[in-house]
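Each residue takes its place number in the sequence, starting with 1. From a predicted model like this one, the values you see are computed outputs, not experimental measurements.
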Amino acid sequence: MGGAIVLTSGTAARAATVDLNVDYRCTGGVAKTGSPPVFLRTTVTIPTTLNVGDPLNISWRLAYKNQSRFGSPARFAEGARISIIGNMKMTGDWVGILQPKGYLDQTTPLVKGTPLVLPEGISDFAHLDVPGTVKITPMSSTLTSLRRSATL
């Protein structure tokens with residue numbers, strides 16, 4: 001499963017995008033605390049045409065797919081932070097891994113098993129400097145443990 005981007009050297013590129021739904025079955029970590037298995041649906045928005053030098057911005061919208069939820073592994077005060085990191089493999093005329101990241105501070109105190117609220121979206125970008133075609137393949141995602149968020 002994946003998509004492709006065409007990079008042109010001219011300035012007539014369209015701002016076209018495509019949405020790709022990727023479903024994940026989550027089984028470890030905080031997925032064991034809730035109602036396993038947890039199913040996530042991510043909608044990955046991928047630009048289909050860019051000008052060379054424009055940023056390639058990949059964004060993921062995150063949502064639970066059904067009634068199963070990640071559960072808090074322990075007691076946490078209000079403001080505990082849930083973080084998620086995705087992996088997007090890039091091949092073709094540009095090779096690498098983009099890692100969309102995001103977090104959300106939970107708005108209520110948590111006890112073990114409390115359903116966790118996910119960040120709505122995560123994103124990452126790269127600057128592509130040669131014309132060509134790039135294939136994009138969504139890979140694994142990692143939900144990090146809850147921790148008390150730092151004051152910024």
Side-chain angles (χ1 to χ4, degrees), residues 1-7 15-50 53-129 133-152:
M1 177 181 292
I5 299 168
V6 176
L7 284 86
T17 61
V18 65
D19 286 341
L20 175 66
N21 288 326
V22 182
D23 293 335
Y24 289 94
R25 181 178 187 268
C26 310
T27 56
V30 294
K32 290 182 179 178
T33 309
S35 302
V38 175
F39 292 93
L40 294 182
R41 163 145 299 164
T42 61
T43 301
V44 182
T45 301
I46 305 166
T48 56
T49 305
L50 295 171
D54 287 349
L56 164 63
N57 188 19
I58 303 290
S59 62
W60 293 22
R61 289 186 312 270
L62 307 169
Y64 290 110
K65 186 174 177 185
N66 57 21
Q67 297 303 313
S68 64
R69 300 288 186 264
F70 292 122
S72 177
R75 181 179 296 272
F76 290 91
E78 177 182 332
R81 179 169 288 179
I82 185 171
S83 300
I84 190 163
I85 300 171
N87 288 288
M88 185 72 64
K89 182 179 177 182
M90 313 289 283
T91 57
D93 292 308
W94 189 87
V95 177
I97 301 286
L98 291 179
Q99 290 190 310
K101 298 175 185 172
Y103 66 88
L104 181 67
D105 294 338
Q106 304 296 291
T107 60
T108 61
L110 304 172
V111 296
K112 186 173 181 168
T114 300
L116 301 176
V117 180
L118 297 174
E120 288 184 22
I122 59 178
S123 66
D124 196 9
F125 69 94
H127 288 282
L128 306 178
D129 58 2
T133 302
V134 178
K135 180 180 178 189
I136 300 168
T137 307
M139 306 299 278
S140 66
S141 295
T142 303
L143 186 74
T144 62
S145 298
L146 287 161
R147 60 182 171 77
R148 182 73 183 146
S149 60
T151 302
L152 302 175

Do you know the tightest heavy-atom contact between [X] and [Y]?
X	Y	result
Asn66	Ser68	OD1-OG, 2.7 Å
Leu104	Leu118	CD2-O, 3.4 Å
Gly86	Ser141	CA-OG, 3.9 Å
Val38	Arg69	CG2-O, 3.4 Å
Ala80	Leu110	CB-CD1, 4.3 Å

Can you name the residues that form a side-chain hydrogen bond (donor to acceptor under 3.5 Å, both in side chains) with [X], not counting sequence neighbours?
X	result
Thr108	none
Gln99	Asn87
Arg25	none
Lys101	none

- Spell out, as yes or no, whether a donor-acceptor pair under 3.5 Å connects the side chain of Asp93 to the backbone of Val134.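 No, Asp93 side chain to Val134 backbone: no donor-acceptor pair under 3.5 Å.
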
Using a 4.5 Å cut-off on heavy atoms from C-beta on, say whether the side chain of [Y] contacts that of [X].
X	Y	result
Ile84	Pro119	yes
Ile46	Leu20	yes
Gln106	Thr114	no

Would you list the atom pairs, donor with acceptor, under 3.5 Å between side chains in residues 55-65 and any protein atom, with sequence neighbours excluded?
| residue | atom | partner | partner atom | Å |
| --- | --- | --- | --- | --- |
| Arg61 | NH1 | Thr45 | OG1 | 3.3 |
| Tyr64 | OH | Phe70 | N | 3.3 |
| Tyr64 | OH | Leu116 | O | 2.6 |
| Lys65 | NZ | Asp23 | OD2 | 2.9 |

- For Phe39, which residues count as a ring pair (Phe, Tyr, Trp, His ring centres under 6.0 Å) partner, sequence neighbours excluded?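 For Phe39 there are no ring pair (Phe, Tyr, Trp, His ring centres under 6.0 Å) partners, ignoring immediate neighbours.
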
